Each structure stands twice: as structure tokens, then as C-alpha cells.
Amino acid sequence: MGKFILKRILMIIPTLLGVSLLIFTILSFTPGNPGEMALGQDAPQEVIYEYNEKLGFYDPLPEKYIKYIANALQGDLGTSWRTQRPVVDEIALKLPVTLKLAVFGILTAAIVGIAFGIISAVKQQSAVDIACTASAIAFSSMPSFWLGMVLVLIFSVGLHVLPSNGVGDWTHYVLPVATLGLHSAAQIMRLMRSTMLETIQQDYIRTAKAKGAGKQKIIWVHALKNALMPVITVIGVDFGYLMGGTILVETVFSLPGIGTLMITSIRNQDVPQIQGTVLLFATFICLTMLVVDIAYAFIDPRVKARYSK
């Protein structure tokens with residue numbers, strides 16, 4: 001099992017290097033430079049050139065990339081061209097908002113999706129099943145930003161029960177979390193329903209029924225564990241998607257998170273900030289998939305046995 005975890009951890013390294021190299025190369029061809037952003041476009045060109053020279057802006061691309069990776073390994077992602085503050089400090093200031101959205105969003109999606117997926121499978125072809133399936137199709141078809149605006153229109157503008165923007169107490173997170181969670185919950189529910197239906201038709205379920213096992217025991221003890229295996233993978237992938245999906249949701253609800261920071265950085269051509277936020281999202285996705293792989297190995301005894309030898 002230790003070899004399995006070590007192998008998955010080592011796979012993260014080339015992935016992050018590839019992401020960093022790709023984004024670094026693309027952004028190196030974008031217009032703008034730190035001197036003009038820090039000193040202003042009206043500053044003398046000699047002063048701008050000297051400022052950029054000190055930052056190594058005119059160094060060859062391979063040399064700049066090697067310096068960037070060396071500094072990143074020490075926790076230094078550069079200095080923002082726009083604010084002249086370390087990128088790490090800017091990210092640390094905005095990260096809690098994004099983490100709250102993503103974590104509570106995936107928890108909402110998992111709880112709602114798994115619960116209604118089981119109910120829909122158990123009540124197959126009933127009115128409950130039809131209602132759950134129709135709702136899942138509807139929510140999965142809605143773009144997250146459109147769903148967010150609809151929720152704002154209903155609960156903020158119409159009913160005046162929830163705030164529509166900003167951060168404060170827990171009520172400010174209800175609509176953004178619902179926007180993120182409901183879209184993913186619909187996909188999880190549909191997958192949970194199909195895997196549960198497939199599982200309860202297996203031979204060992206029929207054997208359990210023949211031995212007199214109760215319906216509740218069959219569902220929660222025998223069927224659920226096997227039906228959850230592919231769902232766990234989807235939840236992990238969705239968590240990575242939610243981290244990226246916060247960009248739109250934070251824009252709709254005016255939340256000061258990483259997504260808003262990335263949009264602001266793109267508008268201002270703040271290259272170090274863009275590189276830092278993209279690398280952060282890539283790191284979160286890699287770590288999420290690592291946790292999913294480990295959880296899958298613990299749930300499926302066959303995987304555990306394969307890598308414990």
C-alpha cells in the first residue's frame with residue numbers, strides 16, 4: 001500500500017512541472033512588462049528598462065523558467081506586477097473564501113447527490129424516481145453562472161431572505177454554495193442511481209435476499225459500498241472542477257476569492273499572479289486525485305491487495 005501511495009505522489013511532480021512550463025511559456029508571449037505596470041507608462045524608458053533588468057525580465061526563457069521553479073520550490077511565486085506584493089501573500093489572503101466555497105459545495109453535492117440517487121434507485125420507475133431524474137437533468141443542464149443569477153433573483157431580489165453579494169456571516173455563502181453544489185449534485189445523483197441499480201441486480205445481492213436479509217441491510221451494508229466506488233472518483237473530479245468553477249461563481253456573487261483574483265490579474269496582465277493562481281489550481285486538483293486514489297484503494301479490497309504485496 002505504501003508503494004501505491006508513493007507512486008501516486010511521485011506522479012504529481014511531472015504533472016505540476018508540465019502545467020508550470022505550459023503556462024510560463026504561454027504568458028511569456030503576452031504583452032506588457034512589470035516596469036510599465038509598477039512605474040507607469042509615462043516613466044522614462046531608461047528607468048523602465050533598468051527596473052525590468054533587475055527583475056531578470058529580459059533573460060532567456062529557459063533561464064527565467066529555471067529561476068521561477070527554483071524560487072517556487074522555496075515558496076516564492078514572485079511579486080505581483082499590479083500590487084508589488086508577494087504572490088503568495090495575495091493568494092493566502094483570498095484562498096479561505098475559495099476553499100469554503102469548494103469544500104461546502106462538494107459536501108452539499110455529495111450528500112444531496114448520493115441520498116437522492118439511492119432513493120431514486122430504490123423507488124425505480126415511481127413518481128419519486130421520475131421527479132429526481134427530471135430535477136437532475138435540469139440542474140446538470142444549467143450553467144453555474146445562470147443558476148446563480150436565478151437564485152439571486154428568487155431569494156435576494158424576490159424574497160429578500162439571503163444576501164446576493166459580498167462576504168460576512170454564513171448567509172453570504174448559502175447561494176454561492178448552492179450554485180456550486182446543485183450542479184454537481186445532479187451528476188452525482190444520476191451516477192449513484194445507475195450504479196446502485198446495477199449493484200442490486202448482482203448475484204450476491206440475490207443471495208443475500210435468499211438468505212433472508214432485510215431490505216435496509218441489503219441497501220446500506222451489501223450494495224452501497226460497491227455502488228459508491230465510481231461515485232467517489234466523480235466526487236474527487238468534481239471537487240477539482242468546483243475549485244475552477246469558483247471563478248464564475250465568485251464573479252456573480254462578488255466574492256473576494258482566488259477566482260476574482262485571477263480575473264483581476266488577467267485584466268491587468270499581471271503575469272506572476274496568473275502563474276501563481278493557475279499553479280495553485282493545478283496543485284489542488286492533483287492532491288484531490290491523490291486522495292481519491294487512496295480512498296478508492298481502501299474501499300476496494302482488490303486494489304489494496306494488489307499494492308500491498
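This one's a predicted model, so the numbers in the text were calculated from it and none came from an experiment. Note: hydrogens, waters and symmetry copies are ignored here, and every other heavy atom, side chains too, is used.
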* To do: Please report the C-alpha distance between Phe139 and Gln187 in whole Å, then the side-chain angles of each, then the deciding distance to 0.1 Å, and finally whether the side-chain contact (heavy atoms from CB on, under 4.5 Å) criterion is met.
  => CA-CA 9 Å; Phe139 281 114; Gln187 299 177 356; over 6 Å; no
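- Residue pairs meeting the side chain to side chain donor-acceptor pair (under 3.5 Å) criterion with at least one member in residues 10-21, sequence neighbours excluded, are Ser20-Tyr65.
- Cluster annotation: Leu180 and Val150 are assigned to the same hydrophobic cluster (Ile/Leu/Val/Met/Phe/Trp/Tyr, side-chain heavy-atom contacts under 4.5 Å, transitive).
- Side-chain contact between Asn71 and Leu77 is absent, with no heavy atoms from C-beta onward closer than 4.5 Å.
- A salt bridge links Lys67 with Glu63: the distance from a Lys NZ or Arg NE/NH1/NH2 to an Asp or Glu carboxylate oxygen falls below 4.0 Å.
- Legend: residues meeting ring pair (Phe, Tyr, Trp, His ring centres under 6.0 Å) with Phe145, ordered by chain and number and at least two apart, are absent.
- With a 4.5 Å cut-off on side-chain heavy atoms, Phe116 and Met189 count as touching.
- Contact detail for Gly113 and Met192: the closest heavy-atom pair is O-CB, 4.2 Å.
- Heavy atoms from other residues, nucleotides or ligands lying under 6.0 Å from CD of Gln124 number more than 12.
- You'll find the side chain of Thr98 reaches within 4.5 Å of the side chain of Glu250, heavy atoms only.
- For the pair Asp76/Val88, no side-chain contact is recorded, criterion being any heavy-atom separation below 4.5 Å from C-beta on.
- Inter-residue side-chain proximity for Phe239 and Val103 is flagged as met; some heavy-atom pair is nearer than 4.5 Å.
- Residues forming a side-chain hydrogen bond (donor to acceptor under 3.5 Å, both in side chains) with Tyr68 (at least two apart in sequence, or on another chain): none.
- Tyr49 places none of its side-chain heavy atoms less than 4.5 Å from the side chain of Glu46.
- Not counting sequence neighbours, the partners of Tyr51 by the side-chain hydrogen bond (donor to acceptor under 3.5 Å, both in side chains) test are Gln84.
- Residues Ile111 and Leu191 do not share a hydrophobic cluster, clusters being chains of Ile/Leu/Val/Met/Phe/Trp/Tyr side chains in contact below 4.5 Å.
- Phe253 and Leu159 fall within a single hydrophobic cluster, where Ile, Leu, Val, Met, Phe, Trp and Tyr are joined by side-chain heavy atoms under 4.5 Å apart, directly or via other members.
- Sequence neighbours left out, the pairs with a member in residues 130-139 that pass side chain to side chain donor-acceptor pair (under 3.5 Å) are Asp129-Thr133.
- Rounding to the nearest 0.5 Å gives a distance of 7.0 Å between OG of Ser126 and CD1 of Ile130.
- Within the 4.5 Å cutoff, no side-chain heavy atoms of Leu255 are placed close to those of Lys94.
- At a threshold of 4.5 Å between side-chain heavy atoms, the hydrophobic network of Ile, Leu, Val, Met, Phe, Trp and Tyr places Val97 and Leu107 in one connected group.
- Following chains of ILVMFWY side-chain contacts shorter than 4.5 Å, one cannot reach Phe29 starting from Leu27, and the two form parts of different hydrophobic clusters.
- Within the structure, side chain to side chain donor-acceptor pair (under 3.5 Å) contacts touching residues 259-274 (residues at least two apart or in different chains) are Ser80-Asp270.
- In this structure, the separation between CD on Glu90 and OG1 on Thr79 is 10.0 Å, given to the nearest 0.5 Å.
- Listed by first and then second residue, the salt bridge (Lys or Arg N to Asp or Glu O under 4.0 Å) pairs that reach into residues 280-289 come to none, sequence neighbours excluded.
- Here the side chains of Ile114 and Ile235 are in contact, with some heavy-atom distance below 4.5 Å.
- Residues satisfying the side-chain hydrogen bond (donor to acceptor under 3.5 Å, both in side chains) test with Asp89, not counting sequence neighbours, are none.
- With rounding to the nearest 0.5 angstrom, the CD1 atom of Ile69 is 5.5 Å from the CG atom of Leu17.
- For Ser156, the side chain to side chain contact (heavy atoms under 4.5 Å, CB included) criterion is met by Val152, Ser164, Leu175, not counting sequence neighbours.
- One finds the CZ atom of Phe155 at 10.5 Å from the CG atom of Leu153 (value rounded to the nearest 0.5 Å).
- Residues meeting the ring pair (Phe, Tyr, Trp, His ring centres under 6.0 Å) test with Phe104, sequence neighbours left out: none.
- Using modelled atom types, one side-chain atom of Ser28 and one backbone atom of Thr25 make a donor-acceptor pair closer than 3.5 Å.
- Interatomic distance, CG of Leu279 versus CG of Leu16, reported as 6.0 Å (0.5 Å rounding).
- The CD1 atom of Ile23 lies 8.0 Å from the OG1 atom of Thr277; values are rounded to the nearest 0.5 Å.
- Other residues sharing the hydrophobic cluster of Ile119, ordered by chain and number and joined by side-chain separations under 4.5 Å: Val128.
- The ring-ring contact (aromatic ring centres under 6.0 Å, His included) contacts involving residues 268-290 comprise nothing, where partners must be two or more places apart or lie in separate chains.
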